[in-house]
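Residue numbering restarts at 1 for every chain, and letters A, B, ... go by the order of the sequence lines. All heavy atoms count here, side chains included; hydrogens, waters and symmetry mates do not.
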Number of protein chains: 2
Amino acid sequence: MSQKGAGIDLDKSLGYLLKEASSALRTAMEEVLRPLGMSVTHYSCLELLAQRPGLSNSELARGAFVTRQTMNTLLQTLEREGYVTRPAEAAVGKVLPARLTPSGRRSLEKATVAVRSVEVRMLAGMTEAEQAHAFRSLQSMISSLRERDEDAS
Amino acid sequence: MSQKGAGIDLDKSLGYLLKEASSALRTAMEEVLRPLGMSVTHYSCLELLAQRPGLSNSELARGAFVTRQTMNTLLQTLEREGYVTRPAEAAVGKVLPARLTPSGRRSLEKATVAVRSVEVRMLAGMTEAEQAHAFRSLQSMISSLRERDEDAS
DNA sequence: TGACTCATGTCAGTATTCTGACATACGCTT
DNA sequence: AAGCGTATGTCAGAATACTGACATGAGTCA
C-alpha cells in the first residue's frame, strides 16, 4: 500500500474523498430517480425551476453545473414533454424565462420526496452540529477554489 | 446572484453543496491539467497506478469512479501512447495487472504537482482540525449512502 | 464432475455532455 | 451615435461515458 515517495496519498486526500462522496450521492440519486424515469440533471432542472421560477436557460445551467448548451437541449426535451414552458420570444433581450407547468410540478413532487430521502440517509449518523460544520467546510473549499479562477479570467 | 423569492432548500442542502464543491474541484483540476494535455480521468488512472501498481482494469475503474468499459478504453489509449503496460495475457484468470512505464511516471510527476497545488488551495483557510473533521464527515456520508445500496443488491 | 454464480476483459451501439461557432441584445465608454 | 465587451439562445459536430452483450476463467456446492 505505501509507495515510494511522491504522489498524493489517495487514502488521505480530501479531494479524493470529496469525489467519492459526490459519486456515491449521485449513484444513490440515480437509483431512486430511475423508477420515476428521471435523470439527475433532469431533476436538478425541475427543482431549480420550482424554487426560482423564471430562471433562464443560462442560469439553470449554472445552477445544475452543466454548460448552457446541455441545459438548452434538456429544456427543449422538457418543453416538448410538457413539463416546462418558455415564451416564444423574449420580452426584453434574449432571455427566455422558464416555468414549470402543473404537469412538471406534479412530476417533481415524487422526485423531491425520493431525493430528500437520500439526503436524509446521507446525513444519518451526523449531529446537527456536525452537519453545520461540514456545511461551512464545504463552503470554505468552494470559495477557496473559485478565488483563483476569477483572477485568471 | 442570490435568490430573490421563494423559500429555498438548495441553499441549505448539504447534497447540493457537495455537488457544488465537487464541481468546483473538478473545474480547478481541469484547468491545471489542460496545459499538460491530461484529463481528470486520465490523471486519476495514472495516480492510482503509481500508488497501487498492478491494479487491474476493473479495479482502476472503481477507483476512478467510472465503468470498467470506460477505463478499458482509456487504458488502451494510455497503452498505445506508452504510459502504461499490461501483459499480453493473464498469468492467472483474466486479470491483466497494469503498470506505469517510466514515461508514464514522468508524465504523472508534473500532473501530481499541479493537482496538489489545487488541493492546497482548496484547503487554504482551514485548520488541521477542521480538515480532519471534514474528512470524517465525508466518510460518514459515504458509508451511510452505501449501506442501503448493498442491501438492495 | 457438472451446474451455478460471480467477476473480468472487451466489442458494439447509444446517450450524454462538451467545445466551437454564430447572430443577437444589452450596457458602458468614448 | 458608434464601438466595444459581455451575456444569451441555439445549431452542429466531437468527445466522453454509459448500457448491453458476449466469452472466459475462478470459486462454490451438490
Side-chain angles (χ1 to χ4, degrees), chain A residues 19 22-23 26-27 29-31 33-35 37-45 48-49 54-81 84-99 149-150 152-153, chain B residues 1 19 22-23 26-27 29-31 33-35 37-45 48-49 54-81 84-99 150 152-153:
Chain A
K19 186 174 178 182
S22 179
S23 171
R26 188 176 189 88
T27 299
M29 285 176 68
E30 281 168 351
E31 269 173 27
L33 288 174
R34 190 172 315 126
M38 208 181 282
S39 75
V40 174
T41 312
H42 195 116
Y43 160 76
S44 301
C45 176
L48 243 7
L49 277 180
L55 241 42
S56 72
N57 174 47
S58 287
E59 290 169 320
L60 285 168
R62 283 191 290 269
F65 311 107
V66 296
T67 62
R68 66 182 195 274
Q69 292 91 330
T70 297
M71 183 54 74
N72 190 29
T73 304
L74 175 60
L75 270 180
Q76 288 173 349
T77 302
L78 292 176
E79 219 172 345
R80 187 171 352 106
E81 293 174 351
V84 166
T85 42
R86 280 191 292 181
E89 35 187 89
V92 56
K94 296 188 73 179
V95 178
L96 299 175
R99 291 180 180 281
D149 296 356
E150 286 155 17
S153 72
Chain B
M1 265 319 192
K19 186 175 177 180
S22 179
S23 171
R26 187 177 190 89
T27 299
M29 285 176 67
E30 281 167 352
E31 269 173 26
L33 288 174
R34 191 172 315 125
M38 207 181 283
S39 75
V40 174
T41 311
H42 196 116
Y43 159 75
S44 301
C45 178
L48 244 7
L49 277 180
L55 242 41
S56 72
N57 174 46
S58 288
E59 289 168 322
L60 285 167
R62 282 190 291 267
F65 311 106
V66 295
T67 61
R68 68 183 194 274
Q69 292 91 331
T70 297
M71 182 54 74
N72 190 31
T73 305
L74 175 60
L75 269 181
Q76 288 172 349
T77 302
L78 291 176
E79 217 172 348
R80 187 171 353 107
E81 293 173 353
V84 167
T85 43
R86 280 191 293 180
E89 34 188 271
V92 55
K94 296 188 71 180
V95 178
L96 299 175
R99 291 180 180 281
E150 287 156 15
S153 72

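- One finds no side-chain N or O of A/Arg68 lying less than 4.0 angstrom from the OP1 or OP2 phosphate oxygen of D/dC11.
- Between A/Arg26 and B/Ser22 the shortest side-chain heavy-atom distance does not fall below 4.5 Å.
- Of the candidates C/dC26, C/dC18, C/dG9, the closest approach to any side-chain atom of B/Ser56 belongs to C/dG9.
- Within 4.0 Å of A/Ser39, counting heavy atoms only, lies no atom of the nucleic acid at all.
- Looking at the side chain of A/Lys94, the nearest of the listed nucleotides D/dC18, C/dT10, C/dA23 is C/dA23.
- A donor-acceptor pair under 3.5 Å is formed between the side chain of A/Ser44 and the backbone N or O of A/Val40.
- At distances below 3.5 Å, at least one donor-acceptor pair connects side-chain atoms of B/Asn57 with backbone N or O atoms of B/Arg68.
- The phosphate of C/dC18 (OP1 or OP2) has no side-chain N or O of B/Arg34 nearer than 4.0 angstrom.
- Counting only distance, with no hydrogens or angles, the side chain of A/Ser23 and the backbone of A/Lys19 share no donor-acceptor pair below 3.5 Å.
- Only B/Gln69, B/Asn72, B/Gln76, listed by number, bring a heavy atom of residues 69-80 of chain B to less than 4.0 angstrom from any atom of DNA chain C.
- Phosphate contact (OP1/OP2 of C/dG9, side-chain N/O of B/Ser58, threshold under 4.0 Å): present.
- Of the two residues contacting DNA chain D, namely A/Arg86 and B/Gly93, the nearest-nucleotide position lying further toward the 5' end is that of A/Arg86.
- The side-chain heavy atoms of A/Gln76 and A/Arg86, taken from C-beta on, include a pair separated by under 4.5 Å.
- Counting only heavy atoms from C-beta on, A/Val95 has its side chain closest to D/dG9 among C/dT19, D/dG9, C/dT8.
- Nearest nucleotide to the side chain of B/Leu96, out of D/dC18, D/dT8, C/dT10: C/dT10.
- Here the side chains of B/Leu48 and B/Met71 are not in contact, with every heavy-atom distance at 4.5 Å or above.
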